[in-house]
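All heavy atoms count here, side chains included; hydrogens, waters and symmetry mates do not.
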Amino acid sequence: MKIEPKRCAIYTRKSHDEGLEQDYNSLDAQRDAAMNYIASQRANGWQALPDSYDDGGWSGGSINRPALQRMMTDVRAGLIDIVVVYKIDRLSRSLTDFAELQAEFEKYDVSFVSVTQEINTGTSSGRMMLNILMTFAQFEREVIAERIRDKLSASKKKGKYVGGLLPLGYRGDSVNMKMVIEPEEAKIVRLIYDEYLRTSSPKAVQRLLEGKGIRGREWVSKKGLRHGGRPLSIAVIRDILQNPIYIGKLRYRGKVYDGEHEGIIPVKLWERVQSTFKANSESCHQRSGRDLKPFAGLIYCGHCNAPMFVTAVTKPNGRRYRYYICHVDEKRAHRECPLHRVPAETLEQLLLNRIAALLKTPTMLAKICGGELRNALDTRQAGEALENIATLWSAMFPVERYKLIHALIQRVLVFENEVRIVFRAEGIAGLLKEAGADFSVSSGSVDLECVLTVPCKLRRYAGQVKLHSADEQADGPRLPIQTALIQAHQGMEQIISGKATTMRQIARALNMDRSFVARTLQLANLAPDIVKAIWENRQPVSLTLDKLRRGIPDSWEEQRKLFLGK
């Protein structure tokens with residue numbers, strides 16, 4: 001009777017790479033034991049494959065090991081008949097992982113053999129013993145892991161160094177198992193604390209470090225890979241400033257314990273830095289939670305293809321400005337993005353106006369859409385549906401507008417000379433359906449993007465950033481005296497209407513500094529011809545009222561009404 005050959009793959013594993021540099025290590029011993037077992041089965045046609053499947057320094061708690069994955073690829077290719085290991089825990093210590101591997105072996109008719117435990121999955125008794133031993137192997141692994149965690153927890157609570165990557169300023173003493181100060185890196189840590197205390201800004205600290213050419217620690221791993229050596233990011237600087245390890249303590253599971261190592265930073269300095277951090281974070285939290293952000297998560301920088309987040313700045317006079325900041329450029333020590341920040345109020349108003357205009361005019365919406373969606377928008381039914389929505393738009397609460405905006409818009413790309421609004425075809429179709437139109441977009445058009453490009457111009461002047469759309473046809477910035485004229489008439493209206501009786505109340509209503517209110521109000525008494533001369537000192541700007549498009553009126557009453565409209 002002819003015996004068919006059985007191709008045997010030998011798999012070996014060792015959890016740690018310690019001792020692998022020796023001429024004869026644990027992996028070699030496992031392979032020799034497997035080779036001897038295969039030789040004893042030569043009468044049954046067993047033949048050892050020449051390929052080696054050795055995982056040195058890999059834990060058995062996971063199957064994501066290079067040699068194991070390579071062996072499983074050969075199993076699926078039909079190149080292996082039997083998998084031979086020294087002990088079953090060399091293949092896996094996880095019962096679920098082993099069950100997954102065993103299912104793969106059975107699928108491709110591959111047997112599994114353990115040399116020292118006399119297990120052969122080719123028999124029913126062998127499979128039973130395999131399941132029993134795997135249960136105990138996983139139990140042993142979990143017990144060992146619990147012991148290690150308990151030991152590390154007890155050591156950290158006592159302030160002991162237990163190994164691992166150390167923060168900037170310290171190096172490990174493997175002999176005494178302690179952290180010791182690295183003098184050169186400690187100077188960098190002290191510089192970071194001193195600069196932050198002076199500026200209260202991690203960004204300013206980052207610029208200082210980059211200007212001095214200071215980078216993070218660089219090291220080479222045991223596998224020869226180079227790590228670190230990069231400029232310190234904002235996140236790393238924040239972690240350094242808030243880590244209690246620099247005052248001789250250790251943080252573990254939300255609690256702080258006294259450490260055995262020496263601190264780099266004085267305790268009083270560290271506490272002052274934490275107080276500054278707390279004050280800044282509370283201030284930022286109050287500012288960020290005050291307003292509902294209708295376009296949160298939708299605004300992207302067109303140059304960096306990065307999201308833009310909202311930040312608020314409050315001036316000493318109480319004025320508050322909101323901006324969309326480029327997320328990528330904010331991380332850099334020096335700005336590179338031509339946008340960097342865009343005024344939030346003008347950008348959001350521009351987008352809201354465009355959405356309202358599209359809802360009122362289905363033909364405009366049809367121009368930016370294609371295919372079946374364009375044809376649907378050209379129908380009378382779609383026009384009536386959008387007319388109903390346009391009526392509701394002005395009466396919607398902010399939360400309702402927020403939901404509608406995120407259903408319609410996929411993203412908004414902001415450039416220096418234009419804003420691109422990318423609408424969702426599925427969102428537009430869903431809006432039509434909810435409004436009563438009998439229409440739904442097909443599966444092939446779900447990912448269709450409808451893009452509306454709005455020409456605009458980002459201008460910087462007088463310490464402010466302004467965004468002008470092409471509809472405004474703004475040829476230049478408004479002069480300070482012209483702004484003061486508008487404020488003067490608005491302030492007089494507060495007095496005439498009885499809404500304000502004191503300079504403080506007027507300043508609060510107009511968001512002005514109280515010291516300028518009295519002088520500004522005097523401009524409301526200027527003769528109309530003088531006002532006209534002041535306003536026409538530059539090229540005509542876009543004005544919201546039709547009268548203002550034709551020029552400045554000659555009468556004081558008409559001017560007052562005009563400026564109040566502004």
N-O pairing of [X] and [Y] below 4.0 Å:
X: Glu271; Y: Lys268; value: no
X: Lys499; Y: Glu493; value: no
X: Glu418; Y: Arg420; value: yes
X: Lys187; Y: Glu184; value: yes

Do the rings of His303 and Phe415 sit parallel, tilted or perpendicular, given the 30° and 60° boundaries? perpendicular
Measuring from [X]:[atom1] to [Y]:[atom2], what's the distance to the nearest 0.5 Å?
X: His406; Y: Lys403; atom1: NE2; atom2: NZ; value: 11.5 Å
X: Leu250; Y: Lys255; atom1: CG; atom2: NZ; value: 15.0 Å
X: Arg198; Y: Thr276; atom1: CZ; atom2: OG1; value: 13.5 Å
X: Gln242; Y: Lys278; atom1: CD; atom2: NZ; value: 12.5 Å
X: Gln487; Y: Ile506; atom1: CD; atom2: CD1; value: 12.0 Å
X: Ile188; Y: Leu209; atom1: CD1; atom2: CG; value: 7.5 Å

Spell out, as yes or no, whether a donor-acceptor pair under 3.5 Å connects the side chain of Asn353 to the backbone of Gln349. yes
Arg171 side chain to Leu166 backbone, donor-acceptor under 3.5 Å: no
[X] and [Y]: which non-hydrogen atoms are nearest, and at how many Å?
X: Ala488; Y: Leu521; answer: O-CD2, 3.8 Å
X: Ile264; Y: Gly169; answer: CD1-O, 3.6 Å
X: Val273; Y: Tyr193; answer: CG2-CD2, 3.7 Å
X: Ile237; Y: Pro202; answer: CD1-O, 4.1 Å
X: Gln206; Y: Ile234; answer: OE1-CD1, 3.4 Å
X: Val205; Y: Ile192; answer: CG1-CG2, 3.9 Å

I'd like to check [X] versus [Y] (side-chain heavy atoms, cut-off strictly below 4.5 Å). Are they in contact?
X: Tyr170; Y: Glu185; answer: no
X: Leu208; Y: Leu191; answer: yes
X: Leu347; Y: Val419; answer: yes
X: Val189; Y: Ile265; answer: yes
X: Ile405; Y: Leu351; answer: no
X: Val412; Y: Val422; answer: no
X: Trp270; Y: Val267; answer: no
X: His261; Y: Ile245; answer: yes

Tell me, with the steps shown, if Ile325 and Val310 meet side chain to side chain contact (heavy atoms under 4.5 Å, CB included). CA-CA 6 Å; Ile325 305 292; Val310 180; over 6 Å; no
Could you walk me through whether Leu232 and Arg215 pass side chain to side chain contact (heavy atoms under 4.5 Å, CB included), step by step? CA-CA 6 Å; Leu232 297 180; Arg215 292 173 172 259; over 6 Å; no
Determine whether the aromatic ring centres of residues Tyr324 and Phe295 are separated by less than 6.0 angstrom. no
Going by atom types only, do Thr501 and Gln505 share a side-chain donor-acceptor pair under 3.5 Å? yes
Are Met308 and Val342 close enough, and set up right, to give a side chain to side chain contact (heavy atoms under 4.5 Å, CB included), and what steps lead you there? CA-CA 9 Å; Met308 304 184 77; Val342 178; 4.0 Å; yes
Walk me through whether Val414 and Tyr300 qualify under side chain to side chain contact (heavy atoms under 4.5 Å, CB included). CA-CA 6 Å; Val414 183; Tyr300 283 78; over 6 Å; no
Take a 6.0 Å sphere around CD of Gln274 and say whether it holds more than 12 heavy atoms from other residues, nucleotides or ligands. yes
